[in-house]
Amino acid sequence: MTDFAATKALFQMPDGVIYLDGNSLGPLPKAAPARMDAAMRDEWGELLITGWNKAGWMAQPAKLGDRIARLIGAEAGHVVLGDTLSIKVYQALASALEMVPDRRVILSDSGNFPSDLYMAEGLIKTLGKGHELRVVAPEEVEANITDEVAVLMITEVDYRTGRLHDMARLTRKAQEAGAITVWDLAHTAGATAVDVSGAGADFAVGCTYKYLNGGPGAPAFIYVAPRHADAARPALSGWLGHEAPFAFETSYRAGPGIERMRVGTPPVLAMAALETALDIWDMTTMDAVRARSIQLTELFIDRVEAACPMLELASPRDPAMRGSQVSFRFADGYAAIQALIARGVIGDFRAPDIMRFGFTPLYLDHADVEAAAAIIAEVMQKRLWDAPEYKTRARVT
Ligand SMILES: *Cc1c(COP(=O)(O)O)cnc(C)c1O
């Protein structure tokens with residue numbers, strides 16, 4: 001049993017805020033500032049360069065990777081941190097494509113996050129081998145897994161609607177067809193009870209600043225299945241993925257297992273903050289989080305639909321088919337979200353008309369959901385969003 005009141009107490013939340021945007025950026029663990037302060041003053045300040053050994057900076061990407069492995073059902077020793085998610089997508093995709101040299105199609109879906117598609121386009125140009133990025137509707141992915149497909153590159157939870165792909169099923173289909181799978185867990189890690197090992201995923205990547213609460217700019221992670229770990233060739237062959245970085249050889253030799261997916265110097269300070277978030281994750285299991293997430297999303301949908309007939313549910317109604325977010329379509333969604341933020345309910349807007357709300361059991365409870373739904377009801381029923389100050393779009397929506 002997880003004590004969710006205890007986990008909630010470990011996050012800083014501004015007064016009057018109900019935070020339904022942990023799917024974009026998790027809140028601050030209260031322990032993070034002191035840990036960052038220690039990382040700066042005691043480690044960087046006092047240890048200087050010796051911090052790499054004495055404070056264990058160099059081992060941190062794999063150590064924290066192991067703690068994330070538990071949350072995504074990965075084998076220990078097969079997840080490593082570093083870089084940003086876009087970079088990790090590129091890296092996984094490049095390695096995966098090399099494993100299927102006789103095929104040219106990367107299959108993805110239109111619910112994927114644009115950066116994943118953009119990285120694939122860039123990689124295709126760089127390779128110059130005539131690869132094709134084939135983007136189909138999410139519900140048509142399975143039917144498009146043919147023997148042309150080299151790599152199935154899918155984000156498990158749709159960032160707009162929260163629709164959840166069946167990882168085990170699609171992975172099996174892809175592998176039966178001779179393809180390699182790359183799963184993006186950006187909206188999965190810390191949100192749903194995923195099992196990358198059980199599903200047989202070949203590669204998985206994700207970020208740590210969304211549901212995992214690692215802080216803005218926290219590093220991404222990459223998983224390579226144990227059966228590929230010593231065979232996958234890293235396209236980004238940086239020195240810290242080398243077999244012997246401090247031998248300073250003139251030519252690259254890939255390091256052992258997941259270590260080869262490291263590129264360059266890890267973000268030590270960002271990892272210090274992430275560590276405090278992972279301390280909180282150690283207090284629970286993904287099964288407990290998932291069960292409570294479903295309670296919260298069901299309650300939210302129930303309350304909002306009852307009070308707001310003008311909002312159309314964009315997320316799957318069946319909780320087994322959605323991640324830990326709920327989205328509604330509304331033509332003036334941008335203004336509505338701004339009006340909600342002005343009243344302390346922080347969600348976000350995704351073009352063209354999606355109002356998106358993330359549910360995060362570590363720091364949100366049933367009372368928060370009831371209170372948020374009541375504010376949404378008031379804003380929608382009284383058209384409080386219909387004011388000029390809510391209609392000017394900011395750079396980040
Ligand atoms: C959030 C997100 C990203 C963002 O990538 P960064 O490199 O961390 O900015 C990429 N892909 C998906 C699926 C995402 O949800």
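One-based numbering, in listed order, for ligands and for the atoms of each. Just so you know, residue 1 is the first one in the sequence shown, and it goes up from there.
Here the shortest heavy-atom pairing between L240 and R262 reads O-CB, 3.7 Å.
In this structure, atom 12 (C) of ligand 1 lies nearest to the protein heavy atom F113 CB, 3.3 Å.
Enclosure of atom CE in M321 is not indicated, since only 12 or fewer non-hydrogen atoms of other residues, nucleotides or ligands lie within 6.0 angstrom. Counting non-hydrogen atoms of other residues, nucleotides and ligands closer than 6.0 Å to CH2 of W44 gives a total of 12 or fewer.
Near D184, with a cut-off below 4.0 Å to any heavy atom, the atoms of ligand 1 are 11 (N), 12 (C), 13 (C). Short contacts between ligand 1 and H187, defined as distances under 4.0 Å to a heavy atom of the residue, involve ligand atoms 15 (O). Near A186, with a cut-off below 4.0 Å to any heavy atom, the atoms of ligand 1 are 12 (C), 13 (C), 14 (C), 15 (O). Interface atoms of ligand 1 facing Y209, defined by a heavy-atom separation under 4.0 Å, are 1 (C), 4 (C), 5 (O), 6 (P), 8 (O), 9 (O). When each atom of ligand 1 is checked for a heavy atom of T155 under 4.0 Å away, the hits are 13 (C).
The closest approach between K210 and ligand 1 falls below 4.0 Å for a heavy atom of the residue.
When the side chains of ILVMFWY residues are joined at heavy-atom separations under 4.5 Å, either directly or via intervening members, Y334 and L384 end up in a single hydrophobic cluster.
A salt bridge does not link R104 to E132: none of the charged side-chain nitrogens sits closer than 4.0 Å to a carboxylate oxygen.
Of the candidates G217, S86, S115, S86 brings a heavy atom nearest to atom 5 (O) of ligand 1. Evaluated by nearest non-hydrogen atom to atom 11 (N) of ligand 1, the leading choice among V89, D116, D83 is D116.
Ring pair W183/Y223: centre-to-centre distance not below 6.0 Å.
For the pair K125 and Y118, the NZ or CZ position fails the cation-pi test of under 6.0 Å to the six-membered ring centre and within 45 degrees of the ring normal.
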